2 protein chains.
Amino acid sequence: MKRILVIDDDPSITSLLRRGLSYEGFQVSTAPSGEEGLRLARETPPDLVVLDLMLPGLDGLEVLRRLRSADPQLPVLMLTARDTAEDQIQAFGFGAEDYVVKPFRFEVLLARIQARLRQRQARSELRYADLRLNPESHQVFRGSREVVLTGLEFRLLHTFMRQPERVLSKSFLLDAVWGSDFFGDTNIVEVYIKQLRQKLGEPRLIQTLRGVGYVLREKSPGR
Amino acid sequence: MKRILVIDDDPSITSLLRRGLSYEGFQVSTAPSGEEGLRLARETPPDLVVLDLMLPGLDGLEVLRRLRSADPQLPVLMLTARDTAEDQIQAFGFGAEDYVVKPFRFEVLLARIQARLRQRQARSELRYADLRLNPESHQVFRGSREVVLTGLEFRLLHTFMRQPERVLSKSFLLDAVWGSDFFGDTNIVEVYIKQLRQKLGEPRLIQTLRGVGYVLREKSPGR
DNA sequence: AGGCTAGCTGAGGGCCATCTGAGGGCCGCC
DNA sequence: GGCGGCCCTCAGATGGCCCTCAGCTAGCCT
């Protein structure tokens, strides 16, 4: 779940965003001042920050500068009532990615937030336990060791990594990886599971649930 | 010198931007339609695109989509007279970074352009491993040795260098380098890959992922 | 304990994605 | 008009990957 930090001294704004963004599935923190916002960001780094330009105490631009110094990649969305050309120029100069003018429609803000997160998300790799799978480079690592997979093996593992700890039946996998136009035996799934297990090494991450399917899960010790 | 491509059917806009941005030290191309814009972008990839949402013929959003498919990193600044929430939402959905509403102050547009370009840092010379590609001088070096490439070879390598370690499918390359109006066999990609590999020499930097595509990557040493 | 069935495994055949060398046609330049 | 460079096509060779198969193992039920 993505974390969003909202820094604004206007309670009607923070309350609106807290409710609206929570409803959209984000984990929302709010701070009424720059100092408080920076403290929260330091404790639990958010995935994105919505920052009011006009703040009591520490200036919004100063907060932006400090957030950036801690994480130059962090997406920050500026929020403000002022709409002069000078402000915009200055904010962009400090490296804000985007700028929304109050009053705004919630959907517009949401769309921009999602656009920012998507930009970031697309490049990021999937992780589970000590496994890392990068869809862009088509690479897989177990710890620091690279695991070289063929096209099908990769697609199979990718399917598991997108929904770890969820049981996937053989017919589901057949559909997801081989496509619904495949008419062979489900034994092919077993064959490729074995192949994957072998390449990924120990300890085993793909467990068999007899009569049900397979699941990507760390073997919990003693149960 | 940074290249900016302006796609807009309104001559007063293109003329204004051509003069204004040239004065600021940019190299400006303009296109009155989406088709023409895409063609220019394919021939000489710009550093940033200013794109009108309302275009005759090919829709602005469609142009955006195609520009993005060729280079996901390319900064695109949408420009439009419409200012409805729906448009903004849709444009962000397609991955526009920014949005400027007509009429605009030139300084605001300029500030946003500069902010985008700064984020992207120097595009002037692309590097990967011991490869260097300079889009301005159209030169390529492998280590200290210059590699002389033809126009197509250069565009192909350029496409790879803009997104190193990312898998590019043959159909993607066909689209990005040859254009979507090419109807020949994908074998042409294989032929040019071979040609590039030969000219670039060893160790091989363009790897084949059978059934998936090609990727610019140093062969990870056996681990 | 024994039987049944789901799942595991090793080997191998064949197909097709990719590689490769050769060559034809077009265009700009001399 | 001739020449050279570049783009594209084609067809044969290669071998990696996908899939099958048959025998084996092991969980589960009676």
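Predicted model only: the values in this text are computed from it and were never measured. Below, read A as the first sequence line, B as the second, and so on, with proteins coming before strands; counting in each chain starts at 1.
- A rotation axis mapping the C1' atoms of four pairs onto the next four is fitted at both ends of the helix from C:dA1-D:dT30 to C:dC30-D:dG1 over five pairs, and the angle between these axes is 30° to 10 degrees.
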One character per nucleotide, please: for nucleotides 13-19 of chain C, 5' to 3', B when the base has a protein heavy atom closer than 4.0 Å, S when only the sugar-phosphate does, - otherwise. ----BBB

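- B:I188 has its CD1 atom 13 Å from the C1' atom of C:dG25, to the nearest Å.
- Backbone-only contact: B:L152 has heavy atoms under 4.0 Å from sugar-phosphate atoms and none from a base.
- Here B:F182 lies in heavy-atom contact (under 4.0 Å) with sugar-phosphate atoms only.
- For the side chain to side chain donor-acceptor pair (under 3.5 Å) test, no residue two or more places apart in sequence or in another chain qualifies with B:R132.
- When DNA chain D is scanned in the 5' to 3' direction for atoms under 4.0 Å from non-hydrogen atoms of chain B, the outermost contacting nucleotides are D:dC6 to D:dC17.
- Under the rule for a salt bridge (charged side-chain N to carboxylate O under 4.0 Å, His left out), B:R155 has no partner lying at least two apart in sequence or in another chain.
- Considering only residues two or more places apart in sequence or on other chains, A:Y192 meets the side chain to side chain donor-acceptor pair (under 3.5 Å) condition with none of them.
- Here the CG atom belonging to B:L216 is positioned 7.0 Å from the CG atom belonging to B:L157, to the nearest 0.5 angstrom.
- Residue pairs meeting the salt bridge (Lys or Arg N to Asp or Glu O under 4.0 Å) criterion with at least one member in residues 12-29 of chain B: none, sequence neighbours excluded.
- Shown here are the side chain to side chain donor-acceptor pair (under 3.5 Å) partners of B:D9, two or more places apart in sequence or in another chain: there are none.
- Among residues two or more places apart in sequence or in another chain, the side chain to side chain contact (heavy atoms under 4.5 Å, CB included) test is passed with A:S29 by A:L5, A:L40.
- Within the structure, side-chain hydrogen bond (donor to acceptor under 3.5 Å, both in side chains) pairs that include any residue of residues 169-179 of chain B comprise B:S169-B:S171, B:K170-B:E190 (at least two apart or interchain).
- Applying the salt bridge (Lys or Arg N to Asp or Glu O under 4.0 Å) test to every pair with at least one member in residues 193-205 of chain B, sequence neighbours left out, gives these pairs: B:E153-B:K199.
- In this structure, A:D185 places its CG atom 11 Å from C1' of C:dG7, rounding to the nearest Å.
- Legend: residues meeting salt bridge (charged side-chain N to carboxylate O under 4.0 Å, His left out) with B:R66, ordered by chain and number and at least two apart, are B:E62.
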